[in-house]
S.K.: 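Here you go, one structure.
Owing to the predicted nature of the structure, the values given are computational and were not obtained by experimental measurement. Below, each value reflects all heavy atoms present in this structure, side chains not excepted, and no hydrogens, waters or symmetry copies.
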Amino acid sequence: MAAKQRVCIVGSGNWGSAIAKIVGFNVTKQNNFEDRVTMYVYEEIINGKKLTEIINETHENVKYLPGHKLPENVVAVPDLVEAAKDADILIFVIPHQFVYKICTTLLGNIKPTAVGLSLIKGFDKKEGGGIQLISHVISKELNIPVSVLMGANLAPEVAKEMFCETTIGCKDKAVAPMLKELVQTSYFRVVVVEDVDSVECCGALKNIVACGAGFIDGLGLGDNTKAAVIRLGLMEMIKFVNVFFPGGKLSTFFESCGVADLVTTCYGGRNRKVSEAFVTTGKTILELEKEMLNGQKLQGPFAAEEVNYMLKARNMENAFPLFTAVHRICMGEIKPSDLVDCIRNHPEHMDDDVLQLPSTRCHL
């Protein structure tokens, strides 16, 4: 009989805590997993008490996911190495800015047979004008295989057990069923595809488009205009993947990680909300992040900067005018109202061969 798999969740923000609720419940219902789930929590003091102590005593992350009980078998651990040392499955759900620090700490302190599942949305800048995917960074730094999970999954709604779908990108046909079993519930439906890079790109790029949608909301221009931003943003997402991470499938963009996550984020996510306030208050993105997000990080402006880093190095800013405009607005180089000209004059284009790519769904 195969040994039961131990699970560690690296991160404890609102999304990390929502996933912990799912995973903690599932492992007790399946024979393939150990009941105890460790969750690495960056230690903070809340009303004079350690956050890890509060979580372990009350089974509630009172700062990042208040009002929702975590299963009692989810154990908050403030020491990353201690939390991860025995894990067979490492679920990464932290702001992407901290990935290298986390990997440096974990290197040499995890099982060599461990596998990773990244829920992290964003890119990493490389020297010379390139970017790389966060799952690639984790895999390279820790020398473990890493799959990804992305979807229309606003954490508060998932925590409330409101039905939604998600997408796992996994190339390993032996690992994929285990990951699906670990996270799927009656209200959290999982579809597995092999097109890992496209799944991950969608998770990062949609936050850029959501910033554009927020600017439109702040300008009071209505849903018709926002729909144009969403449509053109989807076109640029598909084109970006086709140019920089070729070999993907158009069908992936119609999974939850693609158009569904894009629409959800453009109407209900933090990037949209903060970008709207950016227009209406005149405050900086950084100021608003501190005021509005309760310690959470905003990913859209970072992703826009990272994408622009690559586009500028390759003289391709004009080929992605929406992405470029969002970045320039975040940097204060142009006004939010200038986004309308970008939409009006957008030279949309999609190569015909992109539309002929087959599905990559794994039938599990």
Side-chain angles (χ1 to χ4, degrees), residues 96 120-124 130-136 148-153 165-167 169 191 193 195-216 226-269 271-272 275 299-311 314 316-330 339 342-343 346-357 359-360:
H96 77 283
I120 302 171
K121 299 175 173 69
F123 297 105
D124 175 63
I131 60 177
Q132 58 185 334
L133 299 176
I134 298 301
S135 67
H136 294 188
V148 300
L149 183 152
M150 306 282 160
N153 308 140
E165 299 178 309
T166 199
T167 310
V191 171
V193 302
D195 189 8
V196 182
D197 288 356
S198 296
V199 172
E200 186 167 2
C201 283
C202 284
L205 295 173
K206 56 94 179 182
N207 285 330
I208 303 175
V209 185
C211 288
F215 297 147
I216 295 302
K226 185 155 72 169
V229 168
I230 294 171
R231 187 184 75 85
L232 294 171
L234 178 61
M235 298 286 281
E236 290 197 11
M237 288 168 60
I238 295 171
K239 183 177 180 181
F240 183 90
V241 174
N242 194 46
V243 170
F244 296 109
F245 297 93
K249 312 302 181 193
L250 180 67
S251 58
T252 302
F253 292 88
F254 295 92
E255 298 292 352
S256 182
C257 63
V259 65
D261 196 11
L262 176 62
V263 171
T264 297
T265 308
C266 285
Y267 278 89
N271 290 281
R272 187 220 63 81
S275 296
Q299 298 301 321
F302 275 107
E305 179 183 358
E306 290 151 354
V307 165
N308 188 259
Y309 179 72
M310 174 178 271
L311 297 180
R314 301 196 184 189
M316 294 187 69
E317 288 178 292
N318 291 336
F320 295 87
L322 181 61
F323 289 172
T324 300
V326 168
H327 169 66
R328 295 185 67 194
I329 292 169
C330 290
L339 184 62
C342 163
I343 300 169
H346 195 286
E348 59 181 273
H349 170 72
M350 184 184 290
D351 297 329
D352 289 340
D353 60 347
V354 176
L355 298 176
Q356 300 171 10
L357 295 169
S359 172
T360 60

S.K.: Using side-chain heavy atoms (C-beta onward) and a distance below 4.5 Å, is F123 in contact with I134?
M.R.: no

S.K.: Nearest 0.5 Å, what's the CG-CZ distance between L234 and F253?
M.R.: 7.5 Å

S.K.: Under a 4.5 Å cut-off applied to non-hydrogen side-chain atoms, are I208 and L205 in contact?
M.R.: yes

S.K.: Would you check, one step at a time, whether the test side-chain contact (heavy atoms from CB on, under 4.5 Å) holds for M237 with C202?
M.R.: CA-CA 7 Å; M237 288 168 60; C202 284; 4.1 Å; yes

S.K.: Can you see which heavy atom on C266 is nearest to which on K226, and at what distance?
M.R.: O-NZ, 3.3 Å

S.K.: Has K206 got a side-chain atom pairing as donor or acceptor with G300's backbone, closer than 3.5 angstrom?
M.R.: no

S.K.: List the atom of L133, the atom of C201, and the distance in Å for their closest heavy-atom pair.
M.R.: CD2-SG, 3.8 Å

S.K.: Write down the atom of V209, the atom of G233, and the distance for their closest heavy-atom approach.
M.R.: CG2-CA, 3.7 Å

S.K.: Is N308 close to F320 at the side-chain level, that is, under 4.5 Å between some pair of heavy atoms?
M.R.: no

S.K.: Any donor-acceptor pair under 3.5 Å linking the side-chain atoms of H346 with those of E236?
M.R.: yes

S.K.: Please round to the nearest 0.5 Å and tell me the distance separating atom SG of C330 and atom CZ of F302.
M.R.: 10.5 Å

S.K.: CD1/I230 to CG/L322 distance, rounded to the nearest 0.5 angstrom?
M.R.: 10.5 Å

S.K.: To the nearest 0.5 Å, tell me how far R314 CZ sits from M310 CE.
M.R.: 4.5 Å

S.K.: Please round to the nearest 0.5 Å and tell me the distance separating atom OG of S256 and atom CG of D261.
M.R.: 6.0 Å

S.K.: State, to 0.1 Å, how close A325 and L339 come at their nearest heavy-atom pair, and which atoms those are.
M.R.: CB-CD1, 3.9 Å

S.K.: To the nearest 0.5 Å, what is the distance between OG1 (T166) and CG (N153)?
M.R.: 3.5 Å

S.K.: Checking D124 now: which residues fulfil side-chain hydrogen bond (donor to acceptor under 3.5 Å, both in side chains) with it, not counting sequence neighbours?
M.R.: Y100, Q132

S.K.: Name the one of D195, T167, D197 that satisfies side-chain hydrogen bond (donor to acceptor under 3.5 Å, both in side chains) with T252?
M.R.: D195

S.K.: Looking at every non-hydrogen atom in both residues, tell me the closest pair between I343 and A228 and how far apart they are.
M.R.: CG2-CB, 3.8 Å

S.K.: Test side-chain contact (heavy atoms from CB on, under 4.5 Å) on M316 and F244; report intermediate values, then the result.
M.R.: CA-CA 11 Å; M316 294 187 69; F244 296 109; 3.8 Å; yes

S.K.: Closest heavy-atom contact between G122 and A204?
M.R.: N-CB, 3.5 Å

S.K.: Report yes or no: do E200 and S135 form a side-chain donor-acceptor pair below 3.5 Å?
M.R.: yes

S.K.: Using the rule given for side-chain contact (heavy atoms from CB on, under 4.5 Å), can you reason through V199 versus E255, listing the C-alpha separation, both sets of side-chain angles and the distance that settles it, and then say yes or no?
M.R.: CA-CA 9 Å; V199 172; E255 298 292 352; over 6 Å; no

S.K.: Say whether H96 and E306, considering side chains only, have a donor N or O and an acceptor N or O under 3.5 Å apart.
M.R.: yes

S.K.: Under a 3.5 Å cutoff, is there a donor and acceptor pairing between the side chains of Q299 and N271?
M.R.: no

S.K.: Using a 4.5 Å cut-off on heavy atoms from C-beta on, say whether the side chain of N207 contacts that of K121.
M.R.: yes

S.K.: Take a 6.0 Å sphere around CZ of F240 and say whether it holds more than 12 heavy atoms from other residues, nucleotides or ligands.
M.R.: yes

